[in-house]
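These notes are about the structure you will find just below.
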Amino acid sequence: MPLQTPRPQPIIAIHGGAGTLSRSHISPEQEALYHGALGDILLAAQQMLAEGGSALDAVSLAVDGLEDCPLFNAGHGAVFTHDATHELDAAIMDGASLRAGAVACVSRVRRPLRAARAVMEHSEHVLLVAAGAEAFAKSCGLEMVEPDYFSTPSRRAQLEKALASDATLLDHDASALVFAQRSTGQAPLDEDRKLGTVGAVALDAHGNLAAATSTGGMTNKRVGRVGDTPLIGAGTYADNRTAAISCTGTGEMFIRTLTAYDICARMAYAGQSLDAAAQTVVMQVLPTIKGRGGLIAVDAQGNLSMPFNTEGMYRGYARVGEAVQTVIFR
Ligand code: ASP
């Protein structure tokens, strides 16, 4: 009888965006807020996986929690567009079936990730945008809100600073997407320079992978702009044969390098390990076009990789049977 290799323990990993450090400005209490929020969300998802829940349900639960938390740029607390509106993007993918769903430029769906999942499960499409996506979400019974539900005073202050620095942004310098001004230092990562998408990836007890990502996009973005988050293969991807990936960063560069899919392709075609593929993409491929950010990834063997080329990334993971880990800085 051939020896059966034991199934790896289920694992969930989450991120709350990557960016620049303001470590010298923050108090241990402020840092603790972020660790607490990430830790609570991980604990709930870990329990779900421990009880035999699916990777798809675990990433949905985790992103629900991250969207509801105003500390992160997704759902309530999302950033503003140039016109002081909100346009949110989200995507989910099931590694077992390669089914995927996404929404872009929605401003009335309380939980964009649930709308993405509804597109996957209740339509024959992959990506719905704007008013059409909102009408579909409503027809599925999802909770709708007024657009100002997403607004917070600190995000409005960020927009005002970004508008004031428009001269820099119009320099056609890609790196100017990262705002030059310092924040008041309320958060561990400089809120003005943070790329604050949220995401989750998971492996469940049945060996299935899933990935989910949700974002308000980038402060001061043009109305109608779509980032990498809802584009399957760019910011979000899952395939049981390789890995589940959720990205955060300067979306345009992640779209141009098809970041999430590139990791799976390297594993499938070049036989690279998850970590080798993820490190190469984040530390070598993205920087060639000034792409900044990071990603979280798990594979079907339960390996985990969380590389980023910024100074920090809100992140954490929980393996069933082990303590929850949360990290912000390097
Ligand atoms: N990748 C997101 C976007 O470009 C932004 C982020 O990660 O914060 O919309």
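Index from 1, following the sequence.
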Validation row: Leu159, Asn220 side chains within 4.5 angstrom (heavy atoms) = yes

Any chance you could lay out the side chain to side chain donor-acceptor pair (under 3.5 Å) test for Ser60 and Arg117, step after step, and finish with the verdict?
-> CA-CA 8 Å; Ser60 299; Arg117 188 159 173 180; 2.9 Å; yes

Report yes if some heavy atom in the side chain of Arg256 is under 4.5 Å from a heavy atom in the side chain of Ile289; otherwise report no.
-> yes

Modelled atom types, side-chain donor and acceptor of Asn240 and Asn208, under 3.5 Å = yes

Roughly how far, to the nearest 0.5 Å, is OG of Ser107 from CD of Glu146?
-> 9.5 Å

Test side-chain contact (heavy atoms from CB on, under 4.5 Å) applied to Val201 and Ile12, Ile11, Val298, the passing residue | Val298

Linking I/L/V/M/F/W/Y whenever their side-chain heavy atoms sit closer than 4.5 Å, directly or via other members, would Leu33 and Leu38 fall into one cluster?
-> yes

How many angstroms lie between atom CZ of Arg110 and atom CD of Glu143, to the nearest 0.5 angstrom?
-> 4.5 Å

Using a distance-only test with no angle check, is there a side-chain donor-acceptor pair under 3.5 angstrom linking Glu67 and Ser214?
-> yes

Salt bridge or not for Glu252 and Arg225, using N-O below 4.0 Å?
-> yes

Applying the 4.5 Å side-chain criterion to the ILVMFWY set and letting contacts propagate, would Ile255 and Leu127 be lumped into a single cluster?
-> yes

Heavy-atom side-chain proximity of Glu87 to Val106 below 4.5 angstrom = no

For the atom pair CE (Met218) and OG1 (Thr250), what is the distance rounded to the nearest 0.5 Å?
-> 6.0 Å

Spatial distance of atom CG (Leu142) from atom NE2 (His122) [nearest 0.5 Å] = 8.0 Å

Side chain proximity check, Arg7 to His206, heavy atoms < 4.5 angstrom | no

Do the side chain of Asp299 and the main chain of Gln301 share a donor and acceptor less than 3.5 angstrom apart?
-> yes

CA sep, side-chain torsions, deciding dist, call: Glu31, Phe329, side chain to side chain contact (heavy atoms under 4.5 Å, CB included) | CA-CA 10 Å; Glu31 212 177 313; Phe329 306 110; 3.6 Å; yes

Correct closest heavy-atom pair for Phe72 and Ala37 would be CE1-CB, 4.3 Å

Within a reach of under 6.0 Å around CD of Gln47, are more than 12 heavy atoms found that belong to other residues, nucleotides or ligands?
-> no

Heavy-atom check, side chain of Met93 versus side chain of Ile232, under 4.5 Å | yes

Give a yes-or-no answer on whether the side chains of Thr326 and His35 include a donor-acceptor pair shorter than 3.5 Å.
-> yes

Take Leu98 and Arg241 through the side chain to side chain contact (heavy atoms under 4.5 Å, CB included) test and state the conclusion after the steps.
-> CA-CA 10 Å; Leu98 300 186; Arg241 294 167 300 180; 4.0 Å; yes

Could you tell me how the ring of Tyr314 sits relative to the ring of Tyr34: parallel (under 30°), tilted (30 to 60°) or perpendicular (over 60°)?
-> parallel

Within a strict 4.5 Å, meaning less than it, do heavy atoms of the Thr81 and Arg222 side chains meet?
-> no

Spell out, yes or no, whether Leu56 and Val320 are grouped together once hydrophobic residues are joined by side-chain heavy atoms under 4.5 Å, including indirect joins.
-> yes

Just how far is it from atom CZ of Arg319 to atom CG of Leu49, taken to the nearest 0.5 Å?
-> 12.0 Å

Applying the 4.5 Å side-chain criterion to the ILVMFWY set and letting contacts propagate, would Leu304 and Met313 be lumped into a single cluster?
-> yes

For the residue pair Asp94 and Ser97, confirm or rule out a side-chain donor-acceptor distance under 3.5 Å.
-> yes

Count the heavy atoms of every other residue, nucleotide or ligand shown that sit under 6.0 Å from CZ of Phe80, and state whether that count exceeds 12.
-> yes

Closest heavy-atom pair, Met306 versus Ala13, reported as atoms and distance to 0.1 Å, is SD-CB, 4.5 Å

Residues Asp89 and Thr229: side-chain donor-acceptor under 3.5 angstrom = no

Are Leu258 and Val126 linked, directly or through other ILVMFWY residues, by side chains that come within less than 4.5 angstrom of each other?
-> yes

Nearest heavy-atom neighbours spanning Leu209 and Thr242 | CD1-O, 4.0 Å

Side chain proximity check, Ile263 to Leu295, heavy atoms < 4.5 angstrom = yes

Between CZ of Phe254 and CG of Leu231, what distance do you get to the nearest 0.5 Å?
-> 13.0 Å

Gln46 side-chain N/O to Ala323 backbone N/O, donor-acceptor pair under 3.5 Å = no

Which atom pair, heavy atoms only, marks the closest approach of Pro287 to Val281?
-> CD-O, 4.3 Å

In a check of side-chain contact (heavy atoms from CB on, under 4.5 Å) between Met48 and each of Asp57, Asp204, Leu43, which one passes?
-> Asp57

Flag side-chain contact, heavy atom, 4.5 Å: Leu88 against Arg108 | no

Glu160/Arg156 under side chain to side chain contact (heavy atoms under 4.5 Å, CB included): CA gap, chis, key distance, verdict | CA-CA 6 Å; Glu160 274 151 23; Arg156 194 174 290 277; 3.8 Å; yes

Donor on one side chain, acceptor on other, His15 and Ser246, under 3.5 Å = yes

Side chains of Arg155 and Thr219, donor plus acceptor under 3.5 Å = no

Does the side chain to side chain contact (heavy atoms under 4.5 Å, CB included) test come out yes or no for Leu42 and Ile14, once each step is laid out?
-> CA-CA 7 Å; Leu42 282 168; Ile14 62 175; 3.7 Å; yes

Ala278 and Ser305 have their tightest heavy-atom pair at CB-OG, 3.5 Å

For Ala202 and Ala55, the nearest pair of non-hydrogen atoms, with its separation, is O-CB, 3.6 Å

With Thr213, which of Leu113, Leu66, Thr197 fulfils side-chain contact (heavy atoms from CB on, under 4.5 Å)?
-> Thr197

